[in-house]
Peer 1: 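If you scroll down you'll find the structure; I have some questions about it.
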Amino acid sequence: QVQLVESGGGLVQAGDSLRLSCVASGRAIRDYSMAWFRQAPGKEREFVAAINRNGASTDYADSVRGRFTISRDNAKNTMYLQMNRLKPEDTAVYYCAEPLNRSVLTYTPTSARQFTYWGQGTQVTVSA
């Protein structure tokens, strides 16, 4: 049974930084691309960042590119999201996600439909 557990969220001020973690269990993540999504109140879940199996390839939403950095440590079965220069519009519940099937090496999926396993989410609130 695959489980994803996010942590690291909190209440911060605009301009601050946070680092989110996603610890996976149930199988090794080294064979799977992974991603972060977020959902603000009253809005649909949106893509934030994705990373391929070995961390060499990444993709970002335009709204976070240059401020957020996605990374992974396969030895620790953990994925990270470093968020710098946070803005109030970054306020949301952040989810990590993993697909059902093994990923080709260069694959960085960006659609929620491409993911099967989701964490419970961690709240990030950025005050102005």
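Every value quoted in this text rests on a predicted model; they were computed, and no experiment measured them.
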Peer 1: CD1 of Ile29 to OG of Ser103: how many Å apart, nearest 0.5 Å?
Peer 2: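 Rounded to the nearest 0.5 Å, the CD1-OG separation comes out at 11.0 Å.
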Peer 1: Can you check whether Tyr80's main-chain N or O pairs, donor with acceptor, with Arg19's side chain at less than 3.5 Å?
Peer 2: no
Peer 1: Side chain of Asp59, backbone of Ala50: donor and acceptor closer than 3.5 Å?
Peer 2: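 Absent.
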Peer 1: Scan Thr108, Thr69, Ile51, Val48 and name whichever one has a side chain to side chain contact (heavy atoms under 4.5 Å, CB included) with Tyr60.
Peer 2: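 Passing option: Thr69.
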Peer 1: Just to verify, what does Asp73 make a side-chain hydrogen bond (donor to acceptor under 3.5 Å, both in side chains) with, not counting sequence neighbours?
Peer 2: none
Peer 1: Does Val64 share a hydrophobic cluster with Met79, counting links as ILVMFWY side-chain heavy atoms below 4.5 Å and allowing steps through other members?
Peer 2: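 Same hydrophobic cluster.
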Peer 1: For Gln3, does the CD atom sit with more than 12 other heavy atoms under 6.0 Å from it, leaving out its own atoms?
Peer 2: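 Open.
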Peer 1: Treating Gln120 as the side-chain partner and Val5 as the backbone partner, does any N or O pair qualify as donor plus acceptor under 3.5 Å?
Peer 2: no
Peer 1: Begin with the C-alpha distance, continue with both residues' side-chain angles, and end with the deciding distance and a verdict on salt bridge (charged side-chain N to carboxylate O under 4.0 Å, His left out) for Asp90 and Lys87.
Peer 2: CA-CA 5 Å; Asp90 294 319; Lys87 303 176 181 180; over 6 Å; no
Peer 1: Running the 4.5 Å side-chain criterion over Ile, Leu, Val, Met, Phe, Trp and Tyr, what cluster does Val104 land in, apart from itself?
Peer 2: Tyr107
Peer 1: Taking Arg72 for the side chain and Arg53 for the main chain, is one N or O donor matched with an acceptor at less than 3.5 Å?
Peer 2: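 Answer holds: yes.
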Peer 1: Is there a donor-acceptor contact under 3.5 Å from the side chain of Arg67 to the main chain of Arg85?
Peer 2: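 Looks like yes, one N/O pair under 3.5 Å.
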Peer 1: With side chain to side chain contact (heavy atoms under 4.5 Å, CB included) as the criterion, how do Leu105 and Asn52 come out once you've worked through the C-alpha distance, each side chain's angles and the decisive distance to 0.1 Å?
Peer 2: CA-CA 6 Å; Leu105 182 61; Asn52 77 320; 4.1 Å; yes
Peer 1: What orientation do Phe68 and Tyr94 show, parallel under 30°, tilted 30 to 60°, or perpendicular over 60°?
Peer 2: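 Tilted.
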Peer 1: Kindly compute the distance separating CZ (Arg27) from OH (Tyr117), expressed to the nearest 0.5 Å.
Peer 2: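 Here the interatomic distance stands at 5.0 Å.
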Peer 1: Which heavy atom of Ser111 sits nearest a heavy atom of Phe37, and at what distance?
Peer 2: C-CZ, 3.8 Å
Peer 1: Counting only N and O atoms by type, is there a donor-acceptor contact under 3.5 Å from the side chain of Asn84 to the main-chain atoms of Gly66?
Peer 2: no
